[in-house]
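Contents: one structure, followed by commentary.
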Number of protein chains: 2
Amino acid sequence: MLTLAGLIERHRFPDGYRRMFLAAVGAFSERGFHGTTTREIASRAGMSPAALYVHFGSKEEVLYRIASSALDLTLEVVSEAADPALPPSGRLQSVVRVLTAWHAYHSATARVVLHQLDALTPEHLTEVAAKQREVTRVVRRIIAEGVSTGEFAAADIAGAATATLSLCLDVARWYRPGDRRTPEEISALNADAALRIVGAR
Amino acid sequence: MLTLAGLIERHRFPDGYRRMFLAAVGAFSERGFHGTTTREIASRAGMSPAALYVHFGSKEEVLYRIASSALDLTLEVVSEAADPALPPSGRLQSVVRVLTAWHAYHSATARVVLHQLDALTPEHLTEVAAKQREVTRVVRRIIAEGVSTGEFAAADIAGAATATLSLCLDVARWYRPGDRRTPEEISALNADAALRIVGAR
DNA sequence: GTCTATACAGGGATAGAC
DNA sequence: GTCTATCCCTGTATAGAC
């Protein structure tokens, strides 16, 4: 799977940028945006506090770059999983699997994206929230199509989509690397649960 | 249902205490613990910053009191819903319903409890985390009993409990008062989804 | 592009009057 | 039990050398 580090690699950002970026992900996920000092980020990156401002205009911009690139990556992975050649049930399983695995493998990043966005400027928040809604839309479309073909029996499409997303996203709340269950096992469990929720025949 | 304001009422806390407490819940849920200043809490409570320290020893103690009393209330409501006279399926439905409704009606409080606890002292965190595990235990016990009676067909009891809790707790992430769906409608949807997840016959 | 040093605003907590 | 005033530390961001 494409990783967050891989995404940063792809863009050929300077080494200092990458180190600050990754240090910030760790710090924000553990202590929250406001609970993290620029000194702490710099310290984790092994650099001076001033070095942060060479690569980012402000602490808020660091959060914005993290959220924005993480959601770009999520969308890319989800879109790839929603293979039009598959029937709705196969597509739902595939999307739930990658979404779950993403929130397990990148649980630190996901916690930042899910719970720190209120620290963004209104403009950045608007932009980032739109990307989040895109993910919801993909899931909802799959369920709607399954219902229209008669493959799914969900009475409430939006409700089933919300429940399905809850399963995937909440993984970021409780999963930690090294957990008893592997991300793949959790993904399989969630894919199965999602099929049951939508009433797949 | 028993409300948070009701719990505070029951304890006959001084008026200033209550106002600070409720102001802090609102502020912490919107801006996070570290993003909230003691001046902001006091301002929302219509009091001076110094007044906070008459009722609480520190800002951290405010968070601790909120988390502790909210979880006490959650446990009380959940325990009541887990009526031993009901069969496992009835008990699961009942517990999922109240847990979902709780996270909708008290979504602000729930967001604080779910995502701000890292700001607690280690001692307070240990105590509060134990209360959280109690809730998990109640759900897991119901599912285990349903499986042992043959009423449920879940192959993975802990996994089914985690998925069920995800449905209930994640409501606090997306639900806001005045949402299109009422807490009761969401509760019904989640109760149905939980039964499907555990494979109720 | 990285450092050291620092300006300056903001926030937790306390003193002491009423 | 509430207020005003304030202490003092911490945190974001910048200046300027290398």
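Chain identifiers are assigned alphabetically (A, B, ...) following the order of the sequence lines, protein sequences preceding nucleic acid strands; residue numbering begins at 1 within each chain.
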Protein-nucleotide distance (E61(B), atom CD; dA13(C), atom P), rounded to Å: 10 Å
For F152(A), the ring-ring contact (aromatic ring centres under 6.0 Å, His included) test, sequence neighbours excluded, returns none
Categorize T37(A) for me: base, sugar-phosphate, or nothing, with a 4.0 angstrom heavy-atom threshold over every strand shown. sugar-phosphate
Are any non-hydrogen side-chain atoms of L114(A) and L169(A) less than 4.5 angstrom apart? yes
Strand contacts (DNA chain D) in residues 51-59 of chain A, 4.0 angstrom heavy-atom criterion: Y53(A), S58(A), K59(A)
Considering only heavy atoms and no angle criterion, is a donor-acceptor pair shorter than 3.5 Å present between the side chain of R39(B) and the base of dG12(C)? yes
Within residues 109-133 of chain B or reaching into it, pairs that qualify as salt bridge (Lys or Arg N to Asp or Glu O under 4.0 Å) - sequence neighbours excluded: D72(B)-K131(B)
Does the side chain of T38(B) get closer than 4.0 angstrom to OP1 or OP2 of dG12(C) through an N or O atom? yes
Roughly how many Å is it from CD in E40(B) to C1' in dG12(C), rounded to a whole number? 15 Å
Does any part of the side chain of F28(B), heavy atoms only, come nearer than 4.5 Å to the side chain of T109(B), both counted from C-beta? no
Tell me whether R65(A) is salt-bridged to E61(A), with the criterion being a basic N under 4.0 Å from an acidic carboxylate O. yes
Under the salt bridge (Lys or Arg N to Asp or Glu O under 4.0 Å) test, which residues partner R39(A), sequence neighbours left out? none
Upstream residue (5' side of DNA chain D) when A50(B) and P14(B) are each assigned their closest nucleotide: P14(B)
Please find the earliest and latest nucleotides of DNA chain D, in the 5' to 3' direction, that have an atom within less than 4.0 Å of any heavy atom of chain B. dG1(D) to dT6(D)
Check ion pair R176(A)-D179(A) (N to O, under 4.0 angstrom): no
Y64(A): ring-ring contact (aromatic ring centres under 6.0 Å, His included) partners, not counting sequence neighbours: H124(A)
